[in-house]
Every structure is written in structure tokens, then in C-alpha cells.
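We number each residue from 1, following the sequence as shown. From a predicted model like this one, the values you see are computed outputs, not experimental measurements.
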Amino acid sequence: MSSANEREEISPPVAYQSFRQRFDIEHMFRFSKQRLLMTQFQTPDVEHEENWIRLVMLSYVQLWAAKELATHLPRPWERPKEQNNDKIVTPSVVQRDFHRIISEIGTPARSPKTRGNSIGRVQGQAQTQRTKHPVVQKQSKSTPDKQKAA
């Protein structure tokens, strides 16, 4: 089957919706990297990194779920816009107003209790050393190509 025949199997509305979803996903990743610090957590453990990505995605879902409760809070240099319920609320707008939303909704968690200072590590306790891995370096290009050009 050639690609020309496959192109006719996809209707224009389906192609549009697929492209639109791709567009939304790219914006989600951009927002997550810039505003939710998706790529800022650095750890050598893959499991910890995967947990961090899950936490960032959960925070994005919370912003999406709270979009109906958010109000536009213009910054001092922005012109105030008329409140319009038809407009699409961006994740940035919801994130700016999230403190107010959380304070109105409340939380089922109890307030944290102060526990004082921890005693820390017991004196003489040995820490397990991380395994040392060899540094992988890029191989240098061969020099005969440079000699041919001369």
C-alpha cells in the first residue's frame, strides 16, 4: 500500500484533531519545563527522576482541574481585561491564582507539627560509596582527512 492511498484514509477533521492534540502536548511540555521545573531535578537514580516527572504531571493535572476556579490576575504592567467566561484559561493564569484557590478550598491534611532538630548521623556510621563509572569521551576524528585538505 502506498502512502498516497493511506493519506485518503484519514479524514481532514481527524487530521486536524490529531495535529491539535500534538500542539497541546508540545505546549504542556514547554510549560512543564519552564514553570513546573520538570528538568531541574537532577539525580543519578532513574527511579527518583521518574517519580519527579510523575509529580510534575500531577501538578499540571491539578492546574487543569482548577482552571474553572481561576480568575485573571493581571500584573501591574498588564492592562486589565474584562472578565470573560468564554476565554480559555491558560496554565500560567491558573498557577498565578493557585494560592488563592488552595486557601479557599482548604486541605484535608492536618497542620505540620514541629519536631525539633534531628540528631543526624550517628558518629562513626559509614556511608556507602557510590559506584564510580568510567568517563565516556568522544573519540577524536582521525587526522588523515586534515592532511588531505592541506
Side-chain angles (χ1 to χ4, degrees), residues 1-78 85 87-146 149:
M1 186 180 251
S2 69
S3 62
N5 293 338
E6 291 175 6
R7 183 171 52 169
E8 294 172 1
E9 291 178 12
I10 300 173
S11 66
V14 171
Y16 171 75
Q17 288 300 325
S18 297
F19 183 76
R20 171 112 193 218
Q21 288 174 351
R22 177 178 172 260
F23 187 75
D24 292 342
I25 289 170
E26 288 176 5
H27 279 281
M28 182 270 304
F29 275 115
R30 180 179 181 211
F31 178 80
S32 296
K33 288 178 180 180
Q34 290 180 351
R35 303 289 302 272
L36 299 179
L37 308 176
M38 178 192 260
T39 57
Q40 298 301 310
F41 182 66
Q42 295 179 355
T43 178
D45 298 327
V46 175
E47 184 180 347
H48 293 169
E49 192 170 6
E50 288 174 353
N51 288 340
W52 177 252
I53 298 295
R54 287 185 184 113
L55 187 64
V56 169
M57 290 297 109
L58 284 172
S59 63
Y60 188 83
V61 168
Q62 279 193 327
L63 292 176
W64 178 81
K67 70 181 178 181
E68 301 298 325
L69 304 173
T71 57
H72 181 65
L73 300 172
R75 293 187 173 113
W77 59 87
E78 296 176 341
N85 294 335
K87 70 177 177 132
I88 297 172
V89 180
T90 64
S92 297
V93 169
V94 179
Q95 187 181 25
R96 281 199 325 228
D97 195 30
F98 205 71
H99 179 71
R100 182 193 60 81
I101 294 169
I102 289 296
S103 63
E104 283 183 10
I105 292 175
T107 177
R110 286 181 253 147
S111 297
K113 296 179 182 178
T114 56
R115 300 289 183 185
N117 296 332
S118 66
I119 57 170
R121 237 183 257 128
V122 178
Q123 190 165 359
Q125 180 182 5
Q127 288 286 94
T128 57
Q129 296 273 330
R130 287 195 185 271
T131 57
K132 302 259 180 177
H133 297 285
V135 177
V136 178
Q137 295 181 348
K138 189 175 178 179
Q139 292 181 350
S140 62
K141 293 185 178 182
S142 59
T143 54
D145 293 335
K146 294 179 183 177

### Message
If I compare all heavy atoms of V94 with all of K67, which pair ends up nearest, and what's the gap?
### Response
CG2-CA, 3.7 Å
### Message
I need the S59 OG to L37 CG distance, nearest 0.5 Å.
### Response
9.0 Å
### Query
Can Q42 and E49 be said to form a side-chain contact (heavy atoms from CB on, under 4.5 Å), step by step?
CA-CA 7 Å; Q42 295 179 355; E49 192 170 6; over 6 Å; no
#### Entry: Candidate pair Q95 and F31, rule side-chain contact (heavy atoms from CB on, under 4.5 Å), full reasoning
CA-CA 11 Å; Q95 187 181 25; F31 178 80; 3.5 Å; yes
#### Entry: Main-chain N/O of Q40 paired to W52 side chain as donor or acceptor, under 3.5 Å
no
### Query
Can V89 and T71 be said to form a side-chain contact (heavy atoms from CB on, under 4.5 Å), step by step?
CA-CA 9 Å; V89 180; T71 57; over 6 Å; no
### Message
Tell me whether the count of non-hydrogen atoms from other residues, nucleotides or ligands lying under 6.0 Å of CD in Q125 goes above 12.
### Response
yes
### Query
Checking E104 side chain against I101 main chain: does a donor-acceptor pair fall under 3.5 Å?
no
### Task
Please answer whether the main-chain N or O of D45 pairs with a side-chain N or O of T43 as donor and acceptor at a distance below 3.5 Å.
yes
### Closest non-hydrogen atom pair, P91 against L63
O-CD1, 4.2 Å
## Note on the structure
Heavy-atom closest pair (D97 atom, A70 atom, distance to 0.1 Å) is OD2-CA, 3.4 Å
### Query
What distance separates L55 CG from H48 NE2, expressed to the nearest 0.5 Å?
13.0 Å
## Note on the structure
Output for pair (I25 CD1, R20 CZ), nearest 0.5 Å, gives 12.5 Å
### Flag if over 12 foreign heavy atoms under 6.0 Å of CZ, F29
no
#### Entry: Within 6.0 Å of CZ in R30, more than 12 heavy atoms from elsewhere
no
#### Entry: Atom pair CZ (R130) and CD (Q127), whose distance is rounded to the nearest 0.5 Å
10.0 Å
### Task
Would you sort out whether I105 and L69 count as a side-chain contact (heavy atoms from CB on, under 4.5 Å), showing the intermediate values?
CA-CA 10 Å; I105 292 175; L69 304 173; 3.8 Å; yes
### Message
Please enumerate all residues that pass side chain to side chain contact (heavy atoms under 4.5 Å, CB included) together with R22, with sequence neighbours excluded.
### Response
F19, E26
